[in-house]
Amino acid sequence: MEASVRGPVSLPEVFLPPEARIPDSFWISLRYFNLYRIVLAAVFLGTAMFYDDAVNLGMHSLELFRYIAAGYLFFGVVFHGVLRDLRDKFELQLTLHACLDIVAITLLMYASGGIRSGLGVMLLVSLIGAAIVAPRRLTFLYAALATIALLLEQSYWVLEHDAPTASFVQPGLLAIGYFVAAGVTSWLAARVAANERLARQRGRELATQTRVNQLVIEDMNEGVLVLDRGGRVVQHNPQAQQLLGTSSLLGASIASLVPGFSGGAEIEVAGRNVRLRPLERGAEEFSVLLVEDTTRARDQAQQLKLAALGRLTANIAHEIRNPLAAISHAAELLREEKRVGDRERLTRIIHDNSGRLERLVSDVLQLNKRDRVTAAPVRLRPWLGAFVSEFVANEAVPAERIVLETRRESWIEFDPEHLHQVMWNLLRNAMRYARPEPTSIRIRLDGYADRVELSVIDNGPGVPAAIQGQLFEPFFTTEAKGTGLGLYLARELCSANRASLEYVNDGSGAHFRIRCRQALKGGG
């Protein structure tokens, strides 16, 4: 089965061809290394041709020295052509270069009288050059080959020309230098290569991040202006140009675009209100301004309000329909009924549904009070005591059923009327579901640091996990006569007072908790 591939395929680096994995800097270094080889071979050949053995080069066999130097030069030129035309098998080419240096310089050293000629130092230069771009395993291989060649050449002089065995000391020290120089160079080159790879990776990541940022900025609904220290625009997105209604922004002064600008301004452009808001300042070298279309933001907010109002109206109409239908049906039957018992039943139906409508209208009217907050400092401990006494008197509840636990004295900034309504709603719910026994409801005042927690806890069955997520939705209720707006209204009133109302699932019974910030004592 053939797999179809759509679009470009991104391959990890390990699957790329070898020429793609080798950095260009390695090929450049190998090219310069080969140029050094060509120049060195040309110098050796020219010296041997024009000065014979006057400088001790080729003093043992001048003819052999000339042939070796000529071959060294020839292979250097060939390698240069291969480097230019064949970008493949980097390690193979590097190994051939190193082996050529070892063989050629060893033979040149023999033709010049052995270790005394000083040409062994030239191998050190070649090994260092190879170690710059070679893997560490190849670096020590080259050093080992050079050491073997050096010792074999010296062994020839000892065996064939009766050179003293003590003459091995100098080649031995030079061989140690080969390994040390190759190892240190390889370690330093590895560090440089790692830093180069890291810099290249960081460069790619920076380029990608810059491109992403550019795409995001260009696609923003808000305009973005980048200003230099002189307040001139050095960068912007198309939306800024459209919002400010100008054909050219680059190089323009913010003072000319927005006269009297001083850190923030709202202007009118083409019938739209546009606000400029400072977003960031970077080391005083640049600053970023956000250009916002406040007209559109207001329109969107208005649309959201209208949509919410539409959903609320639909829910209210749905809730009103059933009681009205029941009242209408009972009224029709009441007109036809003759028996007193049936008339009383139908009258009760009308009365109950009328009461339900009255409660619904009352709750809806309370929603209108959400935005009218008159916050004042409330000292919770005495306030709760007075509230519980009022609740017990009005709801005809035994006082021993409610326990007040005030673990700390706290002041909060809250509209007293809103707090009264929220607590009354929570306490009535608790009375409805708690078991009829003493201390069945606890009002607990607690908190930590500058946070105040006011909880209403009962010992009833609690709220099933399946419906906990719907507790604060409007018109959701499990009570036959309820409107479903109580908890929703309580949460909205808490939110209007910069507090939060939540259900805590921490065991048996229902636990509702109000969280708000502690105010300074007496609001001072």
Side-chain angles (χ1 to χ4, degrees), residues 21-45 47 57 65 68-69 71-80 82-84 89-112 114-154 168-199:
R21 294 202 307 265
I22 302 299
D24 288 339
S25 60
F26 279 29
W27 289 104
I28 294 173
S29 299
L30 189 59
R31 185 179 297 111
Y32 282 118
F33 185 35
N34 191 67
L35 288 174
Y36 156 77
R37 181 180 297 110
I38 293 174
V39 172
L40 180 64
V43 169
F44 283 158
L45 181 60
T47 301
L57 294 178
F65 188 92
I68 297 300
Y72 194 24
L73 178 61
F74 171 76
F75 280 107
V77 174
V78 170
F79 284 165
H80 196 73
V82 171
L83 276 173
R84 183 183 59 192
K89 301 186 182 308
F90 176 82
E91 293 184 359
L92 176 61
Q93 293 192 50
L94 177 62
T95 301
L96 291 176
H97 288 205
C99 290
L100 173 63
D101 288 341
I102 293 171
V103 172
I105 292 178
T106 301
L107 291 176
L108 290 173
M109 184 169 55
Y110 163 75
S112 301
I115 196 69
R116 294 174 301 173
S117 64
L119 291 179
V121 178
M122 304 308 299
L123 273 180
L124 190 62
V125 177
S126 297
L127 290 175
I128 292 175
I132 293 176
V133 294
R136 187 162 299 178
R137 65 183 188 281
L138 290 181
T139 298
F140 288 111
L141 173 64
Y142 303 153
L145 292 176
T147 299
I148 293 171
L150 185 67
L151 294 178
L152 286 177
E153 195 275 338
Q154 184 62 26
F168 276 105
V169 174
Q170 187 175 354
L173 294 175
L174 195 56
I176 294 173
Y178 290 167
F179 280 97
V180 173
V184 172
T185 304
S186 178
W187 178 75
L188 293 175
R191 292 286 300 274
V192 172
N195 291 335
E196 182 183 3
R197 285 194 299 271
L198 181 61

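If you read the sequence from its start, that first residue is 1, and numbering goes on from there. Computation of the quantities below employed the complete heavy-atom set of this structure, encompassing side-chain atoms and omitting hydrogens, waters and symmetry-equivalent molecules.
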Would you indicate whether the side-chain heavy atoms of [Y] and [X] approach each other to under 4.5 Å?
X: Leu94; Y: Tyr142; result: yes
X: Arg37; Y: Leu100; result: yes
X: Ile132; Y: Phe26; result: no
X: Gln93; Y: Phe79; result: no
X: Thr139; Y: Thr185; result: no
X: Phe44; Y: Leu119; result: yes

Side-chain donor/acceptor of Ser186 to backbone N/O of Ala182, under 3.5 Å: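 Side chain of Ser186 to backbone of Ala182, a donor-acceptor pair under 3.5 Å: no, none is there.
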Taking atom types as modelled, find out whether Ser117 and Tyr110 have a side-chain donor-acceptor pair closer than 3.5 angstrom.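 No donor-acceptor contact under 3.5 Å links the two side chains.
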Can Arg31 and Asn34 be counted as having a side-chain donor-acceptor contact under 3.5 angstrom?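 The criterion, which ignores hydrogens and geometry beyond distance, is not satisfied for Asn34 and Arg31.
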Please report the interatomic distance [atom1]([X]) to [atom2]([Y]), rounded to the nearest 0.5 Å.
X: Gln154; Y: Gln170; atom1: CD; atom2: CD; answer: 8.0 Å
X: Leu30; Y: His80; atom1: CG; atom2: NE2; answer: 10.5 Å
X: Tyr178; Y: Leu123; atom1: OH; atom2: CG; answer: 4.0 Å

Pick one: which of Thr106, Ile115, Leu145 meets side chain to side chain contact (heavy atoms under 4.5 Å, CB included) with Leu150?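 Going through the options one by one, the only one that passes is Ile115.
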Identified side chain to side chain contact (heavy atoms under 4.5 Å, CB included) counterpart of Leu73 within the set Ile68, Ile38, Val78: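 Going through the options one by one, the only one that passes is Ile38.
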Which atom names give the shortest non-hydrogen contact between Ile102 and Ala149, and what distance separates them?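 For Ile102 and Ala149, the tightest heavy-atom pair comes out as CG2-CB, 3.7 Å.
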On a heavy-atom basis, which atom in Ser126 and which in Ile105 lie closest, and how many Å separate them?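 Where Ser126 meets Ile105 most closely, the heavy atoms are OG-CD1, 3.9 Å.
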With a 6.0 Å cut-off on the ring centroids, do Phe33 and His97 count as close?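 No, the ring of Phe33 stays outside the 6.0 Å limit from the ring of His97, centre to centre.
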Anything under 30° is parallel, anything over 60° is perpendicular, the rest tilted; go ahead and classify Phe140 against Phe179.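 The arrangement is parallel - the two ring planes meet at less than 30°.
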Please list, chain by chain and in numerical order, all residues satisfying salt bridge (Lys or Arg N to Asp or Glu O under 4.0 Å) with Arg137, sequence neighbours excluded.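 For Arg137, the residues satisfying salt bridge (Lys or Arg N to Asp or Glu O under 4.0 Å) (neighbours in sequence not counted) are Glu91.
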